[in-house]
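Every chain is numbered from 1, with letters handed out A, B, ... down the list of sequences. If you're wondering where the values come from, they're calculated on a predicted model, not measured in any experiment.
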Amino acid sequence: MQEAVAVQTPWYRASFKEWVLTTDHKKIAILYAVTSLVFFAVAGLMGMVIRLELTSPGMQYVSPDFYNYLLTGHGAVLLLWWAIAFWGAFTNFLIPLMIGARDVAFPRLNQLSYWFFFSASILVLITLIPSQNIKMMWTGYPPFSLHDGAGPTALYVFIIWLIAGSTLGTGVNFITTVLRMRAKGITLGGMNLMVHGLMASIVIQLLGVPAFVGAVTMLFLDKYIGTGFFNPAVGGDPILYQHLFWFYSHPAVYVMILPAFGVFSEVISTMSRKPIFGRKSMVIALWAIAILGFEVWAHHMFTSGMPDWLRIVMSYTTVLIAVPTGIKIFNWAATLHKGAIRFHTPMLFTLGGIFMFLIGGLTGIPLALPSFDIHVHDSHFVVGHFHYVLAMAVTFGAFSGAYFWYPKVTGRMFPEGLGKASFWLMLVGSNIFYFTQMMVGIAGMPRRYADYPAIPEWVKLNEIQTVGAFILAAGVLLTFVAWIRGLKGPRVERSPWGSPSLEWTTPSPPPPQNFDKLPVEVPPGWSPYHYGR
Amino acid sequence: MMETLLFVSGGPLAWAGGKTPVAYPAQFWDQIFNIWLVIAVVIYLLVALPMIYFMAKYRYRKGVNEVGAHEEGSLGIEILWTVVPLIIVIYLATQSFANYTQQRTAPADSLPVKVQGMMWAWSFEYPNGKKSINDLYVPVGKPVKLLLTSTDVVHAFHIPEAKTMEDAVPGRVTTMWFQFNKTGDFRAFCREYCGTLHSMMLATIKVVSQEEFDKWLQQPS
Ligand SMILES: [Cu+2]
Ligand SMILES: [Cu+2]
């Protein structure tokens, strides 16, 4: 292969043509990261408009239809472009480095996967045109999505097809890479927990995405060809769509959170200078969550009209997930015991992420209980709960990981003061925001409401949320500033945090062939968490 | 009648403070909420307090605490924190099962009312054929069973005071029940996204005395 020639220019001096034609996993990672961050910012701004509109009852800034578009965009983009795609950057950058490989198994396929994702991104931008606003929520439930008022369902379906192409390509590629290209001496069990987290997430996507693609394809046929899969007017069943949709879209939650678990493990071990506590049970718990995640989808349908017995069965399967999840949290807590803890920015985000995930998990348990869900289903309680998981645990995990590997990717150190300030603002802001959001949900406020009656308790709680949201947004902004300013920061050594993991043994940023000497080999008994000996 | 129902599930009414809720079956939700809240707060403290303690005690100090201990795990404690949570969640799911059965089973003497959701209004039909739009008249102290369906897209009928809801799905009939113990006007909300005016799809539950209700029912629609 031609690109194996040892070009020593770092990625940030690459020409435009090199970016477009690159098959280097590190450059592709940066393409994913930048695309993802742009959309994170756009969808975050959509969220701020939603938040402003809800501050007081009545319609102040946008029309109900545009509000519904903003909700659809905010949800779909943050799930697909942020909580899933940002991990695509980590997958691409870290997996070959952590297993001591030169690149991925199929570099061309990897390139194709990114450009599928890029094409989907263009389609998302088209929905910004007023006549092309999709207004059916990211869930796209029929029969509403078959209705004219939903906007261009076809555009949604095309986006999902392209995303699925990207996901499946990435999945096949990285599973092959991890199974076939590990350096001599690295066993499957001995891989970094980050690699396990990313792999579990990829395996879930490979198993689940086809169901999702099937569902939206049937939606497409129903709307434009007149078939009757989900359309009750011609004998179809709308609840069937919900089953197919959630069969992937519940496990998708783990696609987003398992890589964050990987980050928590790497960072907490490195910053405490201790091997991760109960490493074997961490690996087992991770994969148990991935497998169990496929037996619980109908907890999203406890009030959907499906049979009551199925609600009870799914309630039992769902609560079981709390067990492996609990194991992970307890192990992280125990890793701190007798450590030598350094509170650098990545560690703050990891610790914050764990505390917030604890709240997200504990508020998820009652949603698995039909007798509790029956009052809060589709209320702001659900929204607050999953923002604790997605906007806090996942986002803090992603920020922690980005700060942690920032010196590896750029070869420079970000300004710590800005990073820490960003963390505290985000922690305070999002707790004010999402905790009151759960409270207004308990008080009965339905989600997906552009407007609401002027119930004094609701109004008060909505005002507080808006204050929290602005603090949160200020925190996010500081991180963007830190990352941009860091590009001019002081140069760093190979392992500024003192981790012995493989990616830290190579120069920062890594050379195009990844390591000084290929093939990489590790001594017997090697561990990426070699502390305290 | 309600009281007997309540004793079957082990007296949750007493647990929730013995007060009659504005509407049944809210007491079952209140009970599961209280149980969950106590468990969640205890678990949160059991995890968060040691973590904060470790963070303070084992912080990096130059020359004093620079490298962590080599601790890889402990089988005993790992088994403990697998089994105990397992027992807790199985208990919660079972308690929920018991409550849910009562939240979902309408008393035999319930008044049946047919409900139709449509973009963006609710229509109600009583056993004698009487119809009304957006106003659901019910007698106080009488259980009501709703038979829900929809003419267009999926909607959901939520009654905050009764703390219960169910989707209204086109092509199907779903059910839910409630009973108001107080007269007055109460709101019901559409809880499943249904388009432009989803947030305007409110109904008013008009809870009146039995005599008033009977009189209203006899008036032509
Ligand atoms: Cu779920
Ligand atoms: Cu509706």
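In this structure, chain A has no heavy atom under 4.5 Å from any part of Thr175(B). Residue Thr101(B): no heavy atom, backbone or side chain, is found under 4.5 Å from chain A. Neither the backbone nor the side chain of Ser145(A) comes within less than 4.5 Å of any heavy atom of chain B. The contact between Ile77(B) and chain A is made entirely by side chain atoms (from C-beta outward), counting heavy-atom distances below 4.5 Å. Contacts between Met119(B) and chain A at a heavy-atom distance below 4.5 Å involve the side chain alone, from C-beta outward. For Ala48(B), the parts lying under 4.5 angstrom from a heavy atom of chain A are both the backbone and the side chain. Using a 4.5 Å cut-off between heavy atoms, Ser96(B) contacts chain A through both its backbone and its side chain. Only the backbone of Pro142(A) comes within contact range of chain B, with at least one heavy atom under 4.5 Å from a heavy atom of that chain. Interface residue Ile90(B): backbone and side-chain heavy atoms are both found under 4.5 Å from chain A. In this structure, chain A has a heavy atom under 4.5 Å from the side chain of Arg187(B), while its backbone stays farther away. Residue Ser304(A) touches chain B through both its backbone and its side chain, counting heavy-atom pairs closer than 4.5 Å. Both the backbone and the side chain of Ser379(A) have a heavy atom closer than 4.5 Å to some heavy atom of chain B. Both the backbone and the side chain of Pro143(A) come within contact range of chain B, with heavy atoms under 4.5 Å apart. Using a 4.5 Å cut-off between heavy atoms, Pro170(B) touches chain A through backbone and side chain atoms alike. The parts of Glu71(B) that come within reach of chain A are both its backbone and its side chain, each placing non-hydrogen atoms under 4.5 angstrom from that chain. Heavy atoms closer than 4.5 Å to chain A are found in both the backbone and the side chain of Val154(B). When heavy atoms are compared at a cutoff of 4.5 Å, His198(B) approaches chain A by way of both its backbone and its side chain. With a 4.5 Å cut-off on non-hydrogen atoms, Ile354(A) touches chain B through its side chain but not through its backbone.
A distance-only check finds no donor-acceptor pair linking the side chain of Arg342(A) to the backbone of Met347(A) [under 3.5 Å]. Here the side chain of Asn68(A) pairs no donor or acceptor atom with the backbone of Lys135(A) at under 3.5 angstrom.
Annotation: Asp185(B), atom CG; neighbour count of heavy atoms from other residues, nucleotides and ligands within 6.0 Å is above 12. The environment of Lys145(B) atom NZ is sparse: at most 12 non-hydrogen atoms of other residues, nucleotides or ligands sit within 6.0 angstrom.
Side-chain atoms of Thr335(A) and Lys274(A) include no donor-acceptor pair closer than 3.5 Å. In the model, Asp378(A) has no side-chain atom that pairs as donor or acceptor with a side-chain atom of Tyr193(B) under 3.5 Å.
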Exercise for the section: Test Asp167(B) against Arg172(B) for salt bridge (Lys or Arg N to Asp or Glu O under 4.0 Å), laying out the working first. Expected result: CA-CA 10 Å; Asp167(B) 282 8; Arg172(B) 286 189 187 226; over 6 Å; no
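Note: Phe144(A) and His147(A) have parallel aromatic rings, judged against thresholds of 30 and 60 degrees for the angle between ring planes. Taking the six-membered ring for Trp and thresholds of 30 and 60 degrees, Trp36(B) and Phe381(A) have ring planes more than 60 degrees apart, a perpendicular arrangement.
Across Leu75(B), Val173(B), Val47(B), Thr174(B), the residue that shares the most heavy-atom pairs under 4.5 angstrom with chain A is Val47(B). Of the listed residues (Lys163(B), Glu66(B), Met55(B)), the one with the most heavy-atom contacts under 4.5 Å to chain A is Lys163(B). Of the listed residues (Phe54(B), Phe33(B), Phe97(B)), the greatest number of heavy-atom pairs within a distance under 4.5 Å of chain A belongs to Phe54(B). Most heavy-atom pairs under 4.5 Å with chain A: of the set Met176(B), Arg61(B), Glu192(B), Lys57(B), this distinction falls to Glu192(B).
Of the residues listed (His158(B), Arg191(B), Arg104(B)), the one engaging Glu166(B) in a side-chain hydrogen bond (donor to acceptor under 3.5 Å, both in side chains) is Arg104(B), and it is the only one.
Using a 4.5 Å heavy-atom threshold, the side chains of Arg59(B) and Asn65(B) count as separate.
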